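Notes for the one structure printed next.
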Amino acid sequence: MRPAQSGVRLQGKGPLWRLFGRVIMMLTTLWVVATFTFLGMRLIPGDPFADPKVTPQVRENLYRKYGLDKPLYKQYFRYLGNLSRLDFGVSYVQLGRSVNDIIAQGFPVSAELGLWALLLALFWGTLLGALAGLYHEGKIDRSATFLAALGVSVPSFILALLFQYVFAFRLGLFPVAGWEGGTARFLPALTLSILPAATIARLLRASILDVLRQDYIQTARIKGLAHTRLLVHHILRNAALSVVTYLGPMVVNITTGSFVIETIFNVPGLGKYYVQSIYDRDYTLVMGTTVFYAALLIVAMFLVDIAYGLLDPRIRTFGAKER
Amino acid sequence: MRFGAKAWFWLLLSAPFFGCHGGPQPEAPRPGVLISEIGDDIRILDPGLSTDSVTFRVLTNIYEGLTRVGPGGRIVPGIASKIEVSKDKRSYTFFLRNALWSDGVPVMAKDFAFALGRVMDPKTAAQYAYIVTDTVERVDVLGERTLRILLKRPTPYFLWLTAFPAYLPLRQDLLEALGQSYGTSPERTVFNGPFVVAAWKKGSKVVLEKNLRYWDKEAVLLKGAEFVVVKDPNTLVQMYDTGALSLIYQVPTVHLPRYAGNPWLKPRPEAVTDYIVFNLHRPDLKAFQNPKIRKALSLVLDRQAYCANVDRQSLPAYGFVPPTISGDGPGRSFRAHFGERFRVFYDPLTSRPYKTSVWFEDRSIEEAKALFQEGLKESGQKELTFSLLIDDTPQARRLGQVLQFFWQKHLGVKVSLDPVTYQTRLARVATKDYDAANVLWGADYDDPMTFLDLFTTGSPFNDPGFSNPAYDALIEKARRSSDQAERMTLFVHAEKLLMQESPVVPVFYRLSYALVPPYLKGVVFLACGADGPLKWASLQP
Amino acid sequence: MAGSRTLKASPLLLASLLFLIGILTLAMLGPWLSPFSPYEIDLAQTNLPPGLAHPFGTDALGRDLFIRAWGGARISLFVGFAAALIDLGLGLMLGGLAGYIGGKLDTTFMRAVEVLYSIPYIMVVLLLAVILGPGVFSLIVGMTLTGWIPMARLVRGEVLRAKEEDFVLAATAMGQGPFRILLWHILPNVMSPVLVALTLTIPQAVFLEAFLAFIGLGVPLPRASLGTLITEGARESWYYPWQLFIPATILCSTLLAFNTLGDTLRDLLDPKRGEPAPRPLVKGSAEIPALPPEKTVGAPLLTLERACVRFLTPRGELPAIREVSLTLQSGEMLALVGESGSGKSTLGRSIMGLLPKKGSLVSGKCLFMGQELRLPRLGPLDQLGKPKLAMVFQNPLGSLNPTMQAGKQVAEALVAARMLSWAAAKEEALHLFKEVGIQNQRRCFFAYPHELSGGMRQRVVFAVMLALSPSLLIADEPTTALDVATQARILALLTKLKTTRGLGILFITHNFALAKGWADRVSVLYAGEIVEEGPSTRLFQDPQHPYTKGLLDSIPKPDADDPDTALLALPGSPPDPYTLPKGCAFTPRCPVARPYCKDEPAPWVTLQDGHRARCFAVKEALFL
């Protein structure tokens with residue numbers, strides 16, 4: 001269990017001041033990520049306009065059009081300036097489409113897929129984890145623990161191929177791929193949910209075992225509380241804390257799209273664009289999606305901290321986390 | 001599966017979904033609507049800026065140029081109802097028919113002139129600008145419906161070019177009103193082809209409907225067409241097998257075994273040569289400047305075994321121009337009719353014979369070894385070590401490993417493979433930052449010139465940096481000639497010279513297949529340019 | 001940790017270890033098991049199914065898949081081990097320094113980690129693959145570039161914790177250098193969670209390598225890791241399934257074995273578990289069948305008759321309580337005194353039915369108001385409408401749910417035990433707060449436990465227990481975690497409750513001075529047995545058992561009430577509970593031990609007023 005005094009705390013300052021500090025910190029992180037991405041993309045050889053049919057003359061024209069002929073520092077400041085106006089620029093490869101537009105197209109799809117997967121993962125993860133933790137050392141625990149270990153041991157592309165083959169192709173229960181209609185969402189969501197579900201189950205099991213050793217559970221048992229109240233208010237409520245910490249980054253990962261799953265199941269989400277844009281050297285799209293991802297992640301971490309504060313009265317501070 | 005098991009399965013897996021979704025089921029295909037696939041989403045509904053074959057496949061169905069390429073690769077009338085060609089074959093005058101844009105505005109000569117001018121303008125930065133600028137000298141609007149195009153030199157395949165996306169018309173008023181956003185959605189453009197775009201669900205599908213203002217709408221039999229974006233090859237065939245698609249333009253290589261012997265599998269013309277290019281300007285690789293070395297490297301490959309057992313989707317290549325490119329007329333393959341020695345190779349899948357002219361034979365290992373030793377002596381090198389730049393694709397990885405193995409085994413050449421992304425490979429080859437590379441070239445138009453003029457001195461696509469005055473002279477002569485018989489002779493000489501010098505080593509010609517059910521008729525497949533027009537297609541239940 | 005015993009104790013651990021050793025051996029020996037070379041291309045033998053010549057079949061280029069699979073396993077495992085070890089090294093170094101030095105360095109470290117976490121690692125790995133060229137080396141560097149972070153965070157947390165431990169503080173006070181302390185005192189103590197993390201990092205690295213191979217960033221051709229083979233096989237898996245499923249099975253089962261190994265190790269090494277997990281020997285545990293209800297009038301509040309508690313552990317049977325009999329009357333405070341490990345807490349918990357469900361064997365009789373209690377009882381105790389037991393634990397913070405307001409914890413007990421409505425329960429809770437001496441009851445009601453002082457928390461715990469209107473209160477070291485002044489006030493409160501409510505109190509303590517000051521009667525527990533008992537006045541004036549005597553002698557007389565000096569301190573150390581003698585367990589430390597003390601059970605010798613002791617020496621002294 002976490003000790004009462006947390007490691008890092010901005011003590012003696014008001015919550016508004018702490019919020020301000022946190023926001024500054026978040027912006028700094030974003031700036032570092034943006035700069036790193038900018039430099040990183042320029043370090044990778046390759047060229048967004050290296051099409052076999054592009055003559056040097058045409059390439060020069062394209063460079064001029066997109067401002068790539070300017071010195072690097074000028075490009076950098078222009079890029080930062082645009083970022084500050086939330087303008088990620090125009091894609092070099094997907095003609096005429098702005099990066100904002102591509103994100104606006106792809107993200108809702110990835111987010112929807114992610115949310116279904118999240119629901120599945122929470123349901124199965126909590127169920128398995130709770131069963132394993134509460135029936136510790138029994139057959140249920142062993143089966144649930146094995147399932148969870150299996151879940152973190154099978155890479156998603158193998159799972160995706162397997163599910164697609166068995167459930168869609170052989171049994172015909174679901175469409176093979178696509179994003180049309182409710183049933184099409186099922187297999188990608190299921191595949192995407194396995195790893196987080198298994199992780200949640202493992203975390204929750206460990207956490208429940210930890211909580212069960214605490215004296216306050218004995219106190220609660222002595223009180224003669226009803227099963228549900230004991231389970232929900234005393235065991236799960238406290239065991240959930242460790243899961244919440246994991247949930248923040250996981251939600252961002254799962255909702256910004258998985259390249260593998262979106263490709264295999266042909267889902268028009270953001271994950272597909274992300275890897276593709278790196279391959280295409282589509283500078284603006286890579287930078288836009290990276291910064292977008294980082295921003296989401298940072299906000300999610302912030303929300304996790306707030307949620308943590310709400311769930312755990314011992315932590316009532318913006319950002320200062322321990323361990 | 002028994003009811004019980006199935007019910008349990010659903011119950012268990014869908015528990016968290018209860019009460020929270022009732023999304024639309026996939027609609028049943030509407031009668032008269034063809035559902036087919038595109039391997040990636042289209043980029044933009046703007047012919048002047050499009051470069052990829054996927055976008056071309058949609059564009060050819062929603063726009064109409066001065067001409068159109070029809071069944072068998074023949075030129076058929078498009079917006080131009082009459083074409084006059086001057087005696088020197090450099091001036092073409094087009095007389096436009098009364099055709100309308102989908103918003104009811106008539107298609108005018110100025111629409112073509114504006115489109116061509118825009119593509120030629122460096123500020124537009126159109127990637128396909130060269131296909132216009134290399135050929136077209138000037139465009140004049142002679143009347144509302146009269147257009148004259150003056151060429152830089154006689155170009156036998158010019159009427160084929162006028163069907164190419166870069167030559168398609170464009171409405172100046174719309175472009176100026178919409179600016180950057182022109183063509184980014186169906187509402188932000190107009191059409192003049194057999195179909196119009198009813199919906200573009202980005203990343204998922206493009207829905208076409210018959211254009212009721214099309215000048216030749218009686219010829220169009222389909223009510224509409226859908227192009228579903230399917231990137232994964234497994235998904236593609238599963239969708240086909242489960243009836244979600246009724247046409248696959250190009251069956252993925254990996255799934256060809258599945259359709260071997262299937263009568264619906266149709267070979268379709270494809271004009272792509274896969275070849276090895278050697279960098280002739282590496283000071284540290286003097287050996288590459290010796291034709292004997294390059295020839296030896298070419299001779300040790302077992303092209304026939306590779307095509308039959310590994311690739312299963314190609315014909316071995318002993319010349320540079322693929323067999324699907326026409327020679328002196330439509331249906332007259334250059335490869336089959338012009339050359340010195342001929343052999344017949346069979347399509348590994350359908351056993352269809354291809355008569356092809358060859359300039360050398362492979363598996364002449366002893367000859368290769370001797371040549372290699374001579375070459376090494378001449379270039380003063382003791383051994384040869386180099387890196388082969390390949391694409392990061394499964395096919396290229398396989399070929400790379402086969403090349404690596406044969407070169408090492410027979411010639412003792414040490415090769416490291418450098419798989420890079422497509423964009424990186426193109427950039428590194430263009431800047432001559434490589435030793436040797438495995439590259440492909442696909443035809444831009446249906447003429448041997450599109451392959452053979454690559455290696456003239458100063459050509460922007462001369463990857464090896466090859467420079468041979470005799471070769472340059474032959475190609476230049478062919479360019480200026482308007483006599484097909486003379487051109488063919490010149491091309492044969494040029495190709496023979498190219499194979500003797502071997503700055504590039506052809507490996508195979510790609511074959512490809514479409515899956516066309518018997519109830520679908522009239523889909524036109526083309527080797528190059530905008531493939532797959534559905535203008536004449538029909539579904540007969 | 002006794003290795004062989006651990007292996008025997010966990011078949012899962014043994015199985016996963018054996019499996020991994022098997023995989024490793026095959027990966028190492030692979031090249032000698034097949035006549036083929038992994039790189040020999042044979043264009044006439046492509047895509048052959050598994051058979052005699054090629055046990056795993058051949059791939060698209062006619063290469064033997066058996067040798068390629070094991071060669072691939074070797075590369076994958078090498079990448080996994082190398083990446084995990086580098087992660088470990090970096091994590092130990094950076095996390096250790098950040099945690100140990102703390103301050104600005106630590107803050108900077110945490111900030112840097114936060115930034116690093118926000119960069120998608122695919123981009124980092126891609127960047128490196130391009131800059132360093134593809135290869136095993138750049139793969140490992142790319143993976144460790146962000147991979148060390150979780151390890152460093154873990155180490156930092158463990159170091160922060162270890163830094164506060166007594167032995168580290170002592171070493172610091174003795175003037176040892178920081179690196180020496182880090183190396184010799186802190187690192188050995190953080191190793192077990194780190195070891196667990198390591199076993200779980202290896203599969204993660206192997207997993208990541210497979211993923212990177214899938215998106216085209218694997219080892220250089222023609223070499224192939226398992227990830228490369230899977231990627232190659234996945235393409236045509238419907239037609240040549242063995243090309244996918246053989247390497248996929250090897251990969252998944254290896255990962256599963258590693259994860260299982262890590263999980264089992266974590267369970268075994270987890271310091272929070274204290275003792276190794278008790279495991280059941282007999283199904284259903286020993287429960288004494290209920291006796292027919294007797295007349296309860298006049299019976300003592302609590303009677304234990306020959307109560308025994310044994311735990312089943314991987315080391316064998318652990319007798320925690322051995323034939324303890326005692327009685328407690330209403331309105332009486334009985335102090336149960338003993339060293340830590342003497343079994344006094346176990347006794348308290350066993351009366352409450354709070355022992356682990358599995359692995360505890362309980363026998364003997366426990367009568368509460370003349371009614372038999374079935375031990376151990378499971379789940380929440382159903383106490384509705386029955387005479388009640390209540391128990392207070394040593395650490396008041398740990399006894400309260402940290403995420404629930406203090407008042408609510410009292411109120412919910414009232415709702416459950418007395419069927420009150422929530423509004424009535426709240427009123428009653430405020431009354432109870434007043435009764436246990438809380439000044440600002442309303443503020444306290446809405447406070448979370450961590451916001452209260454130690455004494456206040458313990459008062460809240462008392463309020464929770466009083467909410468049950470118990471007849472018997474077991475107070476397990478209720479004042480140990482508190483300062484001296486608060487101790488006295490809490491004990492005064494207990495005494496008050498004893499008289500006002502007629503509570504019977506079983507006061508468990510290791511502090512003789514407290515027992516002497518507050519208890520009516522005292523029982524001295526040694527190694528799970530009662531060695532002496534009696535009214536506290538008598539027992540302290542005239543201690544009989546050599547153990548009691550030794551303890552009382554060790555209390556400095558002038559200020560015997562000072563708890564710091566009144567701690568039980570006796571020459572020698574408590575006995576090993578697994579190897580107790582048949583006779584008196586105190587024999588090895590006893591100044592007056594007879595030769596036969598070790599082998600024969602000592603007899604009870606009864607003195608006056610219920611004062612009795614269990615010792616040969618006492619018996620002989622009386623009858624001589």
Side-chain angles (χ1 to χ4, degrees), chain B residues 232-238 241 252-260 301-312 316 348 362-363 387-410 415-424 427-428 438, chain C residues 36-49 58-65 68 122-123 125-136 138-139 212-225 227-241 243-244:
Chain B
D232 181 67
N234 294 346
T235 311
L236 184 66
V237 297
Q238 276 181 345
D241 288 352
T253 315
V254 289
H255 292 300
L256 282 172
R258 182 188 205 81
Y259 302 106
L301 303 180
D302 190 348
R303 290 176 175 81
Q304 290 182 41
Y306 178 78
C307 292
N309 298 335
V310 179
D311 206 53
R312 292 169 307 196
D362 61 16
R363 289 180 295 171
S387 119
L388 179 69
L389 194 65
I390 57 173
D391 276 344
D392 191 12
T393 61
Q395 292 95 329
R397 279 165 171 268
R398 282 183 185 172
L399 178 60
Q401 292 180 75
V402 171
L403 292 171
Q404 184 185 40
F405 178 71
F406 280 119
W407 286 341
Q408 161 85 46
K409 187 179 174 190
H410 296 308
V415 183
S416 59
L417 298 178
D418 191 2
V420 293
T421 61
Y422 181 62
Q423 302 287 338
T424 310
R428 283 183 55 187
N438 172 220
Chain C
F36 300 97
S37 143
Y39 310 123
E40 177 78 27
I41 288 176
D42 186 347
L43 295 182
Q45 306 281 318
T46 55
N47 299 320
L48 292 182
T58 61
D59 72 358
L61 299 180
R63 294 175 293 198
D64 178 54
L65 271 175
R68 279 176 76 72
I122 296 185
M123 215 187 83
V125 176
L126 237 155
L127 214 67
L128 271 164
V130 172
I131 293 169
L132 301 175
V136 175
S138 54
L139 257 181
L212 290 176
F214 190 76
I215 65 169
L217 296 172
V219 291
L221 299 169
R223 300 176 72 190
S225 68
T228 321
L229 291 176
I230 291 171
T231 309
E232 285 176 357
R235 249 186 112 231
E236 296 180 23
S237 57
W238 294 357
Y239 310 107
Y240 318 112
Q243 291 179 2
L244 167 66

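Computed from a prediction, not measured in an experiment: that's the story for all the values here. Chain letters run A, B, ... following the sequence lines, proteins first, then strands; residues in each count from 1.
- If you measure heavy-atom distances from C/Asp59 to chain B, you find no contacts under 4.5 Å at all.
- Most heavy-atom pairs under 4.5 Å with chain C, from the set B/Pro252, B/Ala305, B/Pro394: that is B/Pro394.
- Evaluation of the salt bridge (Lys or Arg N to Asp or Glu O under 4.0 Å) rule for C/Arg223 yields no partner, not counting sequence neighbours.
- Once rounded to the nearest 0.5 Å, the distance linking CG of B/Asp302 with CD1 of C/Ile41 reads 11.5 Å.
- Of the atoms belonging to B/Gln401, heavy atoms from both backbone and side chain fall under 4.5 Å from chain C.
- Contact tally against chain C (heavy-atom pairs below 4.5 Å) for B/Lys409, B/Gln408, B/Gln404: the top residue is B/Gln404.
- The main-chain N or O of C/Thr46 is never found under 3.5 Å from a side-chain atom of B/Asn309 such that the two would form a donor-acceptor pair.
- Residue pairs meeting the salt bridge (charged side-chain N to carboxylate O under 4.0 Å, His left out) criterion with at least one partner in residues 394-407 of chain B, sequence neighbours excluded, are B/Asp392-B/Arg397, B/Arg398-C/Glu236.
- Of the two parts of C/Tyr39, only the backbone, made up of N, CA, C and O, holds a non-hydrogen atom closer than 4.5 Å to a non-hydrogen atom of chain B.
- Contacts of C/Gln45 with chain B are absent, with no heavy-atom separation under 4.5 Å from either backbone or side chain.
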Test log, rule side chain to side chain contact (heavy atoms under 4.5 Å, CB included), inputs C/Leu43 and B/Phe406: CA-CA 11 Å; C/Leu43 295 182; B/Phe406 280 119; 3.7 Å; yes
